[in-house]
Amino acid sequence: MNRFCRIALASVSVLAFVGVAAPLLAQKAKPAATAKRDIWPGLPPGAAEEYMTLRDGVRLGANVFKPAGNGPWPVVLSRTPYLKDGRISEQTPKPGEGLAKQAKRYTDAGFVFVMQDVRGKGRSQGFYTAFETDIEDGYDTVEWAAAQPWSNGKVGMTGGSALGITANSAAMAAPPHLVANYVVVAPADRLAYSYPGGVLKDKDTIGWLRGQGISEEQLNRTRARSVDDVSWNRVAMTTNRKYIRVPTYHVGGWYDIFNGGTVDNFEFLQNQGSPGARGNQKLMMGPFGHGPLTGDLAYPGNDRLALGGDQEIRWFEYWLKGIDNGIMDEPPVSYFMMAGARKDAYSPKNRMLTSANWPPAFREVRYFLSPEAGLTTKPPGSPEVKASYRFDPANPVTTYGGANLTFERGPMDQRAVGQRQDYLRFQTPVLDKDVVISGPVKMELYAATDGPDTDFVAKLVDVYPDGYEALVLDAPIRTRFRNGRMPDALKPMTPGMPEKLVIDLWPTALTFEKGHRIAVHVTSSNAPRFEVNPNTGEDPGGKAKPRAAVNTIYMDASRPSAMVLPVVYPAEAR
């Protein structure tokens with residue numbers, strides 16, 4: 001398994017996280033030891049353990065790996081909730097060996113590598129509250145590392161997933177000695193990515209927390225956290241990334257759970273960021289998820305090292321060592337253009353492309369839902385066309401793939417959903433030429449329900465000539481959040497009254513090849529990926545009895561439901 005996948009798969013606990021789980025070693029209320037799980041494996045080979053004291057007196061432990069010879073050297077720092085020394089298990093009886101190998105990559109390149117346990121984890125003191133103190137703690141850690149005798153005062157931060165979040169958090173505090181970051185798969189806001197469209201990601205949050213012994217009372221409080229508030233924004237990138245002043249290399253995957261956040265952070269910092277950040281960002285997007293993809297599709301070279309070489313070392317050599325290796329002369333954006341990708345039958349149109357910015361130039365093309373399951377670029381002309389279905393929360397549509405963390409992910413075949421009256425499929429005729437998209441995708445859905453609240457789910461699908469329905473993107477919207485997430489924006493639906501709902505499906509880059517079809521699927525559930533709406537206007541998990549809803553989709557001249565695609569001409573996509 002490549003290094004990227006190891007980072008991604010290690011992220012199961014934190015990225016599904018919206019509550020507080022007990023850390024293994026440092027928290028006062030330590031969980032009961034189970035077999036080898038709580039046994040400290042000792043330091044990885046070559047590591048020296050050093051401690052620092054935070055501004056509030058809490059001490060944090062770190063492993064320090066130094067290059068051969070005499071320093072001082074520039075420092076590459078990671079802050080982790082996953083234990084700097086690893087964890088003994090049947091799968092990893094000697095976890096330190098993998099960590100030592102990871103560190104050697106940096107030390108061989110002439111960097112000190114520091115891996116620190118965050119507050120309340122592993123060998124660090126304190127109480128763990130996921131990412132709530134990582135802005136201040138990250139600042140203190142960077143400045144501590146810069147002041148050590150083995151450091152030349154230049155610090156870069158690196159990491160994927162949770163470690164990427166801690167790197168972004170530290171950068172928001174603007175520590176004077178932080179010079180550059182390299183961030184793999186990290187969100188813009190945890191609210192937006194834990195509750196997309198106001199709908200809780202069920203299995204990746206509630207299911208995981210329940211497995212950690214979190215009470216049902218706490219889980220119900222978690223379900224109710226979908227409203228925007230100050231506690232979310234105090235640590236949110238969208239609120240605080242204006243303070244970031246360092247160059248950052250952003251790496252993401254089209255099927256990653258933080259796809260949109262990776263792209264959004266790059267766009268803001270590159271074009272609107274503070275001095276030091278603006279104009280000094282890089283973005284690389286690959287055809288991968290938060291772990292290995294599932295299903296019958298497999299993209300060539302689907303890890304970041306295979307796609308772009310060891311850009312991380314080049315990045316830090318440029319910014320921390322001043323080596324003019326040409327990395328800043330290269331286009332700011334490199335991205336994988338996906339195409340037909342049946343296993344062992346890749347289309348040559350799968351390839352890496354570059355761009356001066358993100359998104360590349362595109363034009364919005366609306367693919368309108370039409371009667372008899374059609375999808376067309378011609379606007380509807382009929383005065384009233386609609387389709388209704390009964391959505392029963394007791395019988396939700398099953399999830400098959402998508403941007404998942406803890407279970408099957410990626411472009412899985414949606415034929416597995418089967419034929420259901422509450423699952424509407426719309427598709428184009430067979431394409432007589434390629435349709436290339438690069439950029440943000442959204443659904444403009446005109447819809448009504450017979451109660452105060454419901455959900456709608458939209459999917460963008462690439463239909464292969466043999467009928468394989470490859471999921472490209474999917475996203476929900478909870479109708480009471482149609483006007484926004486602030487408390488005063490919540491509004492129940494008027495029964496039977498159609499309204500325009502805009503669903504953000506995030507960005508992608510894909511060639512719908514000649515001979516394929518473009519499809520849009522519309523439904524009201526996708527479980528266990530998303531929490532099922534009881535259709536009562538109340539938070540799921542409450543005392544209200546769920547009700548079946550009759551939901552209606554409109555596709556006429558005055559209410560033209562459409563998938564909005566960022567279409568580029570083939571010549572522009574080369």
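Computed from a predicted model, the values in this text were never measured in an experiment.
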| remark: Only residue of Phe65, Tyr106, Tyr182 satisfying side chain to side chain contact (heavy atoms under 4.5 Å, CB included) with Val76 is Tyr106
| request: Determine, stepwise, if the pair Leu460 / Leu565 fulfils side chain to side chain contact (heavy atoms under 4.5 Å, CB included). | output: CA-CA 10 Å; Leu460 177 63; Leu565 298 183; 3.9 Å; yes
| query | Within the side chain of Thr399, is there an N or O that forms a donor-acceptor pair under 3.5 Å with the backbone of Arg529? | reply | yes
| remark: For Val246 and Ala171, the nearest pair of non-hydrogen atoms, with its separation, is CG2-CB, 4.3 Å
| request: For residues Val112 and Gln148, determine if any side-chain heavy atom of one lies less than 4.5 Å from a side-chain heavy atom of the other. | output: no
| query | Hey, does the side chain of Asp140 reach the backbone of Thr53 with a donor-acceptor pair shorter than 3.5 angstrom? | reply | no
| Asp474 and Phe530: CA distance, side-chain angles, deciding distance, side chain to side chain contact (heavy atoms under 4.5 Å, CB included) verdict | CA-CA 11 Å; Asp474 68 324; Phe530 300 119; 3.9 Å; yes
| query | Do the side chains of Tyr335 and Leu283 get nearer than 4.5 Å, heavy atoms only? | reply | no
| Polar contact flag, side-chain donor to acceptor under 3.5 angstrom, Ser169-Arg79 | no
| said: Nearest 0.5 angstrom please: Asp189 CG to Asn265 CG, how far? | reply: 8.5 Å
| query | Is it true that a side-chain atom of Trp232 and a backbone atom of Arg225 form a donor plus acceptor pair closer than 3.5 Å? | reply | yes
| request: Compare every heavy atom of Leu99 with every heavy atom of Gly86, then report the nearest pair and how far apart it is. | output: N-CD1, 3.5 Å
| said: Under a plain distance cut-off of 3.5 Å, with no hydrogens placed, do Arg241 and Asn168 share a side-chain donor-acceptor pair? | reply: no
| query | With no hydrogens and no angle check, is any side-chain donor or acceptor of Ser78 less than 3.5 Å from a backbone partner on Met115? | reply | no
| Taking all non-hydrogen atoms of both residues, which atom of Pro67 and which atom of Gly110 are closest, and how far apart? | CG-C, 3.9 Å
| query | Counting N and O atoms only, with roles assigned by atom type, does the side chain of Asp504 sit under 3.5 Å from a partner on the main chain of Gly197, one being a donor and the other an acceptor? | reply | no
| remark: Nearest heavy-atom contact between Tyr195 and Arg485 is O-NH2, 2.9 Å
| Beyond-backbone contact of Arg409 with Tyr255, side-chain heavy atoms, under 4.5 angstrom | no
| query | Taking the side chain as C-beta and beyond, is there a heavy-atom pair between Gln311 and Val251 under 4.5 Å? | reply | no
| task | Evaluate the criterion side chain to side chain contact (heavy atoms under 4.5 Å, CB included) for residue pair Glu136 and Asp56; output intermediate values, then yes/no. | result | CA-CA 10 Å; Glu136 298 85 357; Asp56 61 356; over 6 Å; no
| Can you tell me if Gln125 uses its side chain to pair, donor with acceptor, with the backbone of Arg59 under 3.5 Å? | yes
| Residue from Asp256, Leu405, Val185 passing side chain to side chain contact (heavy atoms under 4.5 Å, CB included) with Ser161 | Val185
| field | Centroid-centroid distance, Trp254 to Tyr299, less than 6.0 Å | value | no
| message | Within the 3.5 Å criterion, strictly below it, is a donor on Thr239 or Asn233 matched to an acceptor on the partner's side chain? | response | yes
| note | Interatomic distance, OG1@Thr166 vs CE@Met157, rounded to 0.5 Å, equals 5.0 Å
| task | Please say whether the positively charged group of Lys321, taken as NZ for Lys or CZ for Arg, lies over the ring of Phe111, i.e. under 6.0 angstrom from the six-membered ring centre and within 45 degrees of the axis. | result | yes
| task | Supply the atom-to-atom distance Glu317 CD to Glu312 CD, rounded to the nearest 0.5 angstrom. | result | 11.0 Å
| field | Stepwise side chain to side chain contact (heavy atoms under 4.5 Å, CB included) check, Lys154 with Trp319 | value | CA-CA 9 Å; Lys154 293 185 177 181; Trp319 289 107; over 6 Å; no
| Can you tell me if Thr294 uses its side chain to pair, donor with acceptor, with the backbone of Gly410 under 3.5 Å? | no
| request: Give me the one residue out of Met284, Gln270, Gln281 that meets side chain to side chain contact (heavy atoms under 4.5 Å, CB included) with Pro332. | output: Gln270
| query | Can you tell if the side chain of Lys203 reaches within under 4.5 Å of the side chain of Asn404, non-hydrogen atoms only? | reply | no
| For Val142 and Leu178, which heavy atoms make the closest approach, and how far apart are they? | CG1-N, 3.7 Å
| Pairwise distance OG1(Thr511) to CE(Met338) - rounded to 0.5 angstrom | 9.5 Å
| query | Do Leu163 and Tyr82 come close enough that some side-chain heavy atom pair is under 4.5 Å? | reply | yes
| message | When you measure from the centre of the six-membered ring of Phe481, is the NZ or CZ of Arg478 closer than 6.0 Å and no more than 45° off the axis? | response | no
| request: Check the pair Arg190, Glu132 against salt bridge (Lys or Arg N to Asp or Glu O under 4.0 Å), reporting the backbone distance first and the verdict last. | output: CA-CA 11 Å; Arg190 285 188 292 140; Glu132 293 300 317; 3.1 Å; yes
| message | Using only atom types and a distance under 3.5 Å, with no angle test, would you say the side chain of Lys282 pairs donor to acceptor with the backbone of Glu330? | response | yes
| task | Heavy atoms only: give me the nearest Pro149-Pro72 pair and the separation to one decimal. | result | O-CB, 3.7 Å
| said: If you apply the rule salt bridge (Lys or Arg N to Asp or Glu O under 4.0 Å), what do you find for Asp117 with Lys121, and how did you get there? | reply: CA-CA 6 Å; Asp117 284 330; Lys121 286 287 189 174; over 6 Å; no
| message | Can you confirm whether more than 12 heavy atoms, excluding those of Tyr51, are under 6.0 Å from its OH atom? | response | yes
| field | Side-chain heavy atoms of Pro566 within contact of Val441, under 4.5 Å | value | yes
| Flag if over 12 foreign heavy atoms under 6.0 Å of NZ, Lys104 | no
| Short question: side chain of Arg119, backbone of Ser124 - any donor-acceptor pair under 3.5 Å? | no
| Side-chain donor-acceptor pair under 3.5 Å between Glu50 and Trp144, yes or no? | no
| task | Look up atom NE2 in His250 and atom CG in Asp264, then write down how far apart they are to the nearest 0.5 Å. | result | 10.0 Å
| message | Counting the benzene-type ring for Trp, do Trp506 and Tyr193 have ring centres under 6.0 Å apart? | response | yes
| said: Please check this pair: side chain of Asp134 against backbone of Asp137, looking for a donor-acceptor N/O pair closer than 3.5 Å. | reply: no
| query | Quick one: are Pro476 and Asn526 in side-chain contact, heavy atoms under 4.5 Å? | reply | no
| task | Report the distance from atom CE of Met443 to atom CG of Leu473, rounding to the nearest 0.5 Å. | result | 13.0 Å
